[in-house]
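Below is one structure; the comments refer to it alone.
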Amino acid sequence: MEGSVSKYFATEVGDAAANDAIQALGGYGYVREFEVEKIKRDIKITTIFEGTSEIQRSIISTFRLRETVRSKGRFYLDRAEALEKLSTDCGAQAVARSIRLLNDVVLNTRKYKLTRSQHVMFLLADMMTWCEVGEALCHKAAAIQGENRSPEFLKAVARLFALEVATKVYSNGTKIAQGCDEIMGEVAPKIKELDLGEISRNYMADMDQVAARSCGSDRFPPLGMTSRTSITVRPGQAGAGEEDRRSNGAFTKSRGLIRS
Ligand SMILES: Cc1cc2nc3c(=O)[nH]c(=O)nc-3n(C[C@H](O)[C@H](O)[C@H](O)COP(=O)(O)OP(=O)(O)OC[C@H]3O[C@@H](n4cnc5c(N)ncnc54)[C@H](O)[C@@H]3O)c2cc1C
């Protein structure tokens with residue numbers, strides 16, 4: 001089960017990252033000489049072989065639903081309670097609230113017999129996957145010590161992902177609880193209580209911290225600012241094309257960053 005969650009999440013996120021890399025490089029990202037398009041094709045196949053993403057989603061929702069029903073809801077409630085004991089600065093409280101809501105949606109999905117719809121099961125699988133990845137990240141961020149990846153950096157990553165978790169649960173939960181034939185009267189008000197506004201606090205500051213750590217603060221000014229920066233690609237570096245290697249000279253591609 002955990003293997004399905006890992007495989008589904010890692011391959012889909014890798015595919016999205018490769019897509020972003022192409023977009024960030026503009027036309028150079030698309031042409032063969034720059035290898036990014038090859039990375040995109042190579043990562044795409046990982047969402048297909050060794051169990052497609054759709055098959056992983058079927059496995060995740062079917063098995064987790066069964067565990068939730070068998071344990072009378074304890075499976076996810078125990079995870080939420082463990083998160084609630086962690087420090088408050090790693091997004092754990094937001095993920096715990098999301099997991100409690102996921103639990104309610106799962107139990108009511110079965111009660112209202114919506115499990116016959118594969119689309120609903122896929123919505124559940126995504127909620128489960130994001131919650132379980134967020135849970136693992138919170139535990140790691142709360143426990144980490146040392147210099148290489150500073151605790152502050154990982155906590156900012158965990159807080160940002162906690163917002164992704166809450167957004168996923170809010171969005172998919174609303175579709176299931178209010179978008180199907182029957183309105184889940186007991187779940188709909190709980191979804192509204194998942195305060196995305198509160199969870200979004202410090203979003204921009206956390207994004208700045210992660211961008212600065214990941215890419216070098218001199219290259220990435222605070223989000224919200226418009227600036228120009230440049231990327232220098234030297235021959236032999238990943239991303240250097242044939243034409244560039246032939247001319248044996250570095251070239252600079254000017255890029256405008258518009259973040260607002
Ligand atoms: C480069 C490459 C290397 C490979 N290497 C190996 C290997 O080493 N060993 C090996 O055994 N196989 C290998 N495969 C085969 C690979 O495992 C299959 O391509 C994969 O399982 C998908 O099967 P399929 O191509 O028949 O697609 P299909 O099963 O026809 O699926 C097509 C689409 O329909 C979706 N779909 C299918 N069934 C359902 C369902 N019940 N519900 C919802 N959606 C569904 C799938 O998710 C997919 O999106 C390889 C494939 C490639 C392209």
Side-chain angles (χ1 to χ4, degrees), residues 1-25 27-71 75-76 98-99 101-137 161 164-184 187 191 238-242:
M1 250 311 305
E2 283 75 12
S4 283
V5 171
S6 304
K7 202 270 179 181
Y8 173 48
F9 186 79
T11 57
E12 288 294 337
V13 168
D15 186 53
N19 215 37
D20 288 349
I22 291 178
Q23 189 70 23
L25 292 172
Y28 291 127
Y30 176 79
V31 295
R32 287 200 164 171
E33 285 78 2
F34 277 80
E35 299 176 9
V36 182
E37 65 83 33
K38 173 81 164 68
I39 293 171
K40 168 70 183 176
R41 276 188 290 124
D42 285 349
I43 192 77
K44 182 63 199 170
I45 188 58
T46 67
T47 70
I48 295 170
F49 62 24
E50 295 182 351
T52 64
S53 290
E54 288 72 24
I55 298 304
Q56 304 301 345
R57 290 161 105 192
S58 284
I59 292 169
I60 293 163
S61 52
T62 303
F63 280 80
R64 283 298 190 236
L65 181 102
R66 198 176 295 165
E67 278 177 282
T68 303
V69 172
R70 270 194 197 148
S71 66
F75 179 79
Y76 277 121
S98 304
I99 287 178
L101 185 54
L102 165 67
N103 192 52
D104 286 331
V105 175
V106 172
L107 291 172
N108 279 278
T109 299
R110 184 166 181 271
K111 182 176 157 189
Y112 285 95
K113 298 188 169 57
L114 297 178
T115 53
R116 286 174 294 198
S117 160
Q118 189 181 60
H119 182 67
V120 169
M121 292 298 274
F122 281 8
L123 290 172
L124 281 184
D126 287 358
M127 294 163 76
M128 292 161 171
T129 299
W130 262 245
C131 280
E132 292 185 31
V133 172
E135 178 203 11
L137 195 50
F161 195 71
E164 297 295 316
V165 172
T167 305
K168 181 74 73 185
V169 170
Y170 185 96
S171 167
N172 288 16
T174 302
K175 286 174 192 161
I176 296 171
Q178 295 189 268
C180 297
D181 290 343
E182 301 221 44
I183 305 293
M184 294 179 184
V187 180
I191 292 176
E242 286 304 315

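Order of appearance sets the numbers: ligands from 1, and atoms from 1 within every ligand.
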Query - Per atom 39 (C) of ligand 1, closest listed option by heavy atom (Thr46, Ile55, Asp42) - result: Ile55

Query raised in the report: Heavy-atom distance from atom 37 (C) of ligand 1 to the protein below 4.0 Å?
Result: no

Query - Under-4.0 Å heavy-atom contact between protein and atom 10 (C) of ligand 1 - result: no

**Report entry** Protein heavy atom at shortest distance from atom 49 (O) of ligand 1
**Finding:** Glu54 OE1, 3.3 Å

Query raised in the report: Has Gln178 got more than 12 heavy atoms of other residues, nucleotides or ligands less than 6.0 Å from its CD?
Result: yes

Report task. Please report the closest heavy-atom contact between Gly29 and Ile22, naming both atoms and the distance. Result -> O-CG1, 3.6 Å

**Report entry** Heavy-atom closest contact (Ala177 atom, Ile191 atom, distance)
**Finding:** CB-CD1, 3.8 Å

Query raised in the report: From atom 18 (C) of ligand 1, is the closest protein heavy-atom distance below 4.0 Å?
Result: no

Query - Pick from Arg57, Gln118, Glu50, Gln56: the one approaching atom 40 (C) of ligand 1 most closely through a non-hydrogen atom - result: Gln118

Query raised in the report: For ligand 1, which atoms have a heavy atom of Phe49 less than 4.0 angstrom away?
Result: 2 (C), 3 (C), 4 (C), 16 (C), 17 (O)

Query raised in the report: How about atom 15 (C) of ligand 1: does it have a protein heavy atom within less than 4.0 Å?
Result: no

Query raised in the report: How about atom 24 (P) of ligand 1: does it have a protein heavy atom within less than 4.0 Å?
Result: no

Query - Flag side-chain contact, heavy atom, 4.5 Å: Leu25 against Val36 - result: yes

Query raised in the report: With a 4.0 Å cut-off, strictly under, does atom 34 (O) of ligand 1 pick up any protein heavy atom?
Result: no

Side-chain donor-acceptor contacts of residues 60-70 below 3.5 Å, not counting sequence neighbours, with atom names and distances?
from	atom 1	to	atom 2	distance (Å)
Ser61	OG	Arg57	O	2.8
Ser61	OG	Ser58	O	3.4
Ser61	OG	Met121	O	3.4
Thr62	OG1	Ser58	O	2.7
Arg64	NE	Glu132	OE2	2.8
Arg64	NH1	Glu67	OE1	2.7
Arg64	NH2	Glu2	OE2	3.1
Arg64	NH2	Glu132	OE1	2.9
Thr68	OG1	Arg64	O	2.7

Report task. With heavy atoms of Ile45 as the reference, note each atom of ligand 1 found under 4.0 Å away. Result -> 1 (C), 52 (C), 53 (C)

Report task. Classify the angle between the aromatic ring planes of Phe9 and Trp130 as parallel (below 30°), tilted (30 to 60°) or perpendicular (above 60°). Result -> perpendicular

Query raised in the report: Can you list every pair that meets salt bridge (charged side-chain N to carboxylate O under 4.0 Å, His left out) and has a residue in residues 108-120, with sequence neighbours left out?
Result: Lys111-Glu186

Query raised in the report: Backbone N or O of Ala21 within a donor-acceptor pair of the Lys40 side chain at under 3.5 Å?
Result: no

Query raised in the report: What atoms of ligand 1 come closer than 4.0 angstrom to any heavy atom of Thr52?
Result: 22 (C), 46 (C), 47 (O)

Report task. Could you tell me whether atom 47 (O) of ligand 1 has a protein heavy atom closer than 4.0 Å? Result -> yes

Query raised in the report: Do Lys168 and Glu164 sit within salt-bridge range, that is, some charged N less than 4.0 Å from a carboxylate O?
Result: no

Report task. Nearest 0.5 Å please: distance from the CG atom of Asp42 over to the CD atom of Glu35. Result -> 10.5 Å

**Report entry** Ile48: numbered ligand 1 atoms lying under 4.0 Å from its heavy atoms
**Finding:** 20 (C)

Query - Heavy atom of protein inside 4.0 Å of atom 44 (N) of ligand 1, strictly below - result: yes

